[in-house]
Enquirer: 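Could you have a look at this structure, given as structure tokens, before my questions?
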Amino acid sequence: MAVIADHCPEITVKVVDLNADRIAAWNDPDLTRLPVYEPGLDAVVSRARGRNLHFTTEVNAAIAAADMVFLSVNTPTKTRGVGAGQASDLRWIEACTRQVALAARGHTIVVEKSTLPVRTAETVQTILSAGQQGDDGNAKSFSVLSNPEFLAEGTAITDLESPDRVLIGGQDADALEALAGVYSHWVPTERILRTNLWSSELSKLTANAFLAQRVSSINSIAALCEATGADVKEVARAIGTDSRIGSRFLKSGPGFGGSCFQKDILNLVYLCLHYGLVEVAEYWEQVVSLNNWQQQRIAKLVVQRLFNTVAGKRIALFGFAFKADTNDTRESPAIRIAKDLLEEGAQLSIYDPKVSAEQVQRDLGVPPAEGEACWQQSLDPVQACKGADAVLILTEWSQFNALDWHAIASAMRRPAWLFDTRAVADIKAARAAGLQVWTVGEG
Ligand code: UGA
């Protein structure tokens, strides 16, 4: 929304939320305190905020005044009831749609921005149609569009500034063109794709499923490389130069994380099962199973290399976010790996340049403490390694390319290990400093 406001000064953009604290944070004069850390976001907000970009809790007034309403709410995986563990929980989409149905005036284009199961637009349309016949005395009408978001965290602003494509699905040609008109302020026309509603909804799930599949595929080959003496970086380079395969999303790691991949694949699985496509569901489910296996195998091999026990041993975790350049830890592989190591009795010192101790506590479900099966936050990589038997790199923060391995090694207990699950460290320097090294995809 901030990028739309930035590129379209004649359009007033109001970002509304019932959560007053969150809106206050978006309005904070100190741009380092925006609720989301995303490179470049502060500059965009500072240009548009107060001009044509406003953050407010006045939800109904903003809906009433709007020509277009974007539904951008959370759709996490259901934890109970029918479809628990696979289907998306649509309660917030439904609540928002009901509010739009009530508060809208005149004709309103309602845009699904959240990632939604296929055919959710039908539900949105049904709720809005019921509102159309409402008894508040105001004539109103709605058009529903699907406009899924393809930005990735950490590169959100550049992804939005120059997207590979913008996808708009819908039946109402006028509504479709109105939204295309907004994007055409900065996106070349040939990159604005128009489809029917269901293709648009399904394309979003499919794009994430294909990307996640690449990560699981390369992680499966990483394990084979470690066993055979091949090097996964070399294999990735060799296959990536085939233009039919392409070079991106071929980095092996501790498994994919983030709020989207797993949720969207499970959604796809649920959809396939709903339509009786059991083999198709099983095919996609395997991408998630392989990801779980990859996370578990990392924790296991750390224990194995440390003489089959980590009870009471100090292990430094470098990185807790699910990828670099974000403070987001949702579904981060670090959570599962840290929990497995705590289960084995390790003492973890966790260093991440952007993730707060409060967030780690929420993710691990236990407060920081000293001693066996406990974790503590460290504010500096060398301090994190004091007395440690191993360093485990879990996020590819660029600063981990240039760590001072001599300082780190001299703070550690010998024999000392580096486990680099992102293959980002200068392993020559680490070896020269006396560490034993394990790298994903190389062994
Ligand atoms: C993903 C998609 O890339 C976006 O296009 C999509 O819009 C977004 O989900 C969404 O649905 O909202 P995101 O989850 O932010 O974006 O991050 P990615 O860059 O896709 O990374 C996901 C996970 O895969 C991370 O844990 C990352 O470390 C891992 N990954 C990625 C690898 O392990 N290897 C790779 O080569 C690439």
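Both ligands and their constituent atoms are indexed starting at 1 by order of listing.
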Enquirer: Of all the non-hydrogen atoms in the protein, which one sits nearest to atom 28 (O) of ligand 1, and at what distance?
Expert: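 Nearest protein contact, heavy atoms only, for atom 28 (O) of ligand 1 is R422 NH1, 2.7 Å.
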
Enquirer: Going by distance only, is there an N or O of A152 that falls short of 3.5 Å from an N or O of ligand 1?
Expert: no

Enquirer: Looking only at protein heavy atoms, which one is nearest to atom 8 (C) of ligand 1, and what is the separation?
Expert: L151 O, 3.4 Å

Enquirer: What protein heavy atom is closest to atom 31 (C) of ligand 1, reported as residue, atom name and distance in Å?
Expert: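 Here the closest protein heavy atom is F249 CE2, 3.4 Å.
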
Enquirer: Decide whether the shortest distance between a heavy atom of G257 and an atom of ligand 1 is less than 4.0 Å.
Expert: yes

Enquirer: Classify the ring geometry between F419 and W417 as parallel (under 30°), tilted (30 to 60°) or perpendicular (over 60°).
Expert: parallel

Enquirer: Heavy-atom contacts under 4.0 Å between L250 and ligand 1: side chain, backbone, both, or neither?
Expert: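 Under 4.0 Å from ligand 1, L250 contributes backbone atoms alone.
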
Enquirer: If you draw the axis of the six-membered ring of F70, does the NZ or CZ of K113 fall within 45° of it and under 6.0 Å from the ring centre?
Expert: no

Enquirer: Of all the atoms in ligand 1, which lie at a distance below 4.0 Å from a heavy atom belonging to L211?
Expert: 3 (O)

Enquirer: Can you tell me how far apart NZ (K251) and CZ (R214) are? Round to the nearest 0.5 Å.
Expert: 11.5 Å

Enquirer: Looking at ligand 1, does R214 have a heavy atom less than 4.0 Å from it?
Expert: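 No, that is not the case, since the closest heavy atom of the residue is not under 4.0 Å from the ligand.
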
Enquirer: Closest non-hydrogen protein atom to atom 2 (C) of ligand 1, residue and atom name please, with distance?
Expert: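 Ranking protein heavy atoms by distance from atom 2 (C) of ligand 1, first comes N208 OD1, 3.5 Å.
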
Enquirer: Could D28 and R33 be called an ion pair, given the rule that one side-chain N must be under 4.0 Å from one carboxylate O?
Expert: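 Between R33 and D28 there is a salt bridge, with a charged N closer than 4.0 Å to a carboxylate O.
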
Enquirer: Can you pull out the closest protein heavy atom to atom 19 (O) of ligand 1? Residue, atom name and distance to 0.1 Å, please.
Expert: K323 NZ, 2.8 Å

Enquirer: Are any of the side-chain heavy atoms of V366 and W375 separated by less than 4.5 Å?
Expert: yes

Enquirer: Take every heavy atom of E331, measure it against each atom of ligand 1, and state whether any distance is under 4.0 Å.
Expert: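 Distance cut 4.0 Å: E331 fails for ligand 1.
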
Enquirer: Anything under 30° is parallel, anything over 60° is perpendicular, the rest tilted; go ahead and classify F318 against W405.
Expert: parallel

Enquirer: Any idea which of Q294, K251, Q262 brings a heavy atom closest to atom 32 (C) of ligand 1?
Expert: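 Result: the heavy atom closest to atom 32 (C) of ligand 1 is in K251.
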
Enquirer: Are I427 and W438 side-chain neighbours, meaning at least one heavy-atom pair lies under 4.5 Å?
Expert: no

Enquirer: Considering heavy atoms of the protein only, find what lies nearest to atom 12 (O) of ligand 1 and give residue, atom and distance to 0.1 Å.
Expert: C260 SG, 2.9 Å

Enquirer: What distance separates S259 OG from N74 CG, expressed to the nearest 0.5 Å?
Expert: 7.5 Å

Enquirer: Under 6.0 Å between ring centres: does that hold for F210 and W284?
Expert: yes

Enquirer: Look only at interatomic distance and state if E153 has a nitrogen or oxygen under 3.5 Å from any nitrogen or oxygen of ligand 1.
Expert: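 Indeed, backbone or side chain, E153 has an N or O that close.
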
Enquirer: Distance to 0.1 Å, residue and atom name: give those for the protein heavy atom nearest to atom 24 (O) of ligand 1.
Expert: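 Going atom by atom, the protein heavy atom closest to atom 24 (O) of ligand 1 ends up being F256 CB, 3.3 Å.
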
Enquirer: What is the nearest protein non-hydrogen atom to atom 1 (C) of ligand 1, stated with its residue, atom name and distance?
Expert: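 For this ligand atom, the closest protein heavy atom is F261 CE1, 3.4 Å.
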
Enquirer: When you measure from the side chain of T206 to the backbone of L202, do you find a donor-acceptor pair of N or O atoms at a distance under 3.5 Å?
Expert: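 Checking the backbone N and O of L202 against the side chain of T206, a donor-acceptor pair under 3.5 Å is found.
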
Enquirer: Is the closest N or O pair between F150 and ligand 1 shorter than 3.5 Å?
Expert: yes

Enquirer: Heavy-atom contacts under 4.0 Å between E149 and ligand 1: side chain, backbone, both, or neither?
Expert: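 For E149, the contact with ligand 1 is made by the backbone alone.
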
Enquirer: Using a strict cut-off of less than 4.0 Å between a Lys/Arg side-chain nitrogen and an Asp/Glu carboxylate oxygen, indicate whether D328 and R330 qualify as a salt bridge.
Expert: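 Looking at D328 and R330, the cut-off is met.
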
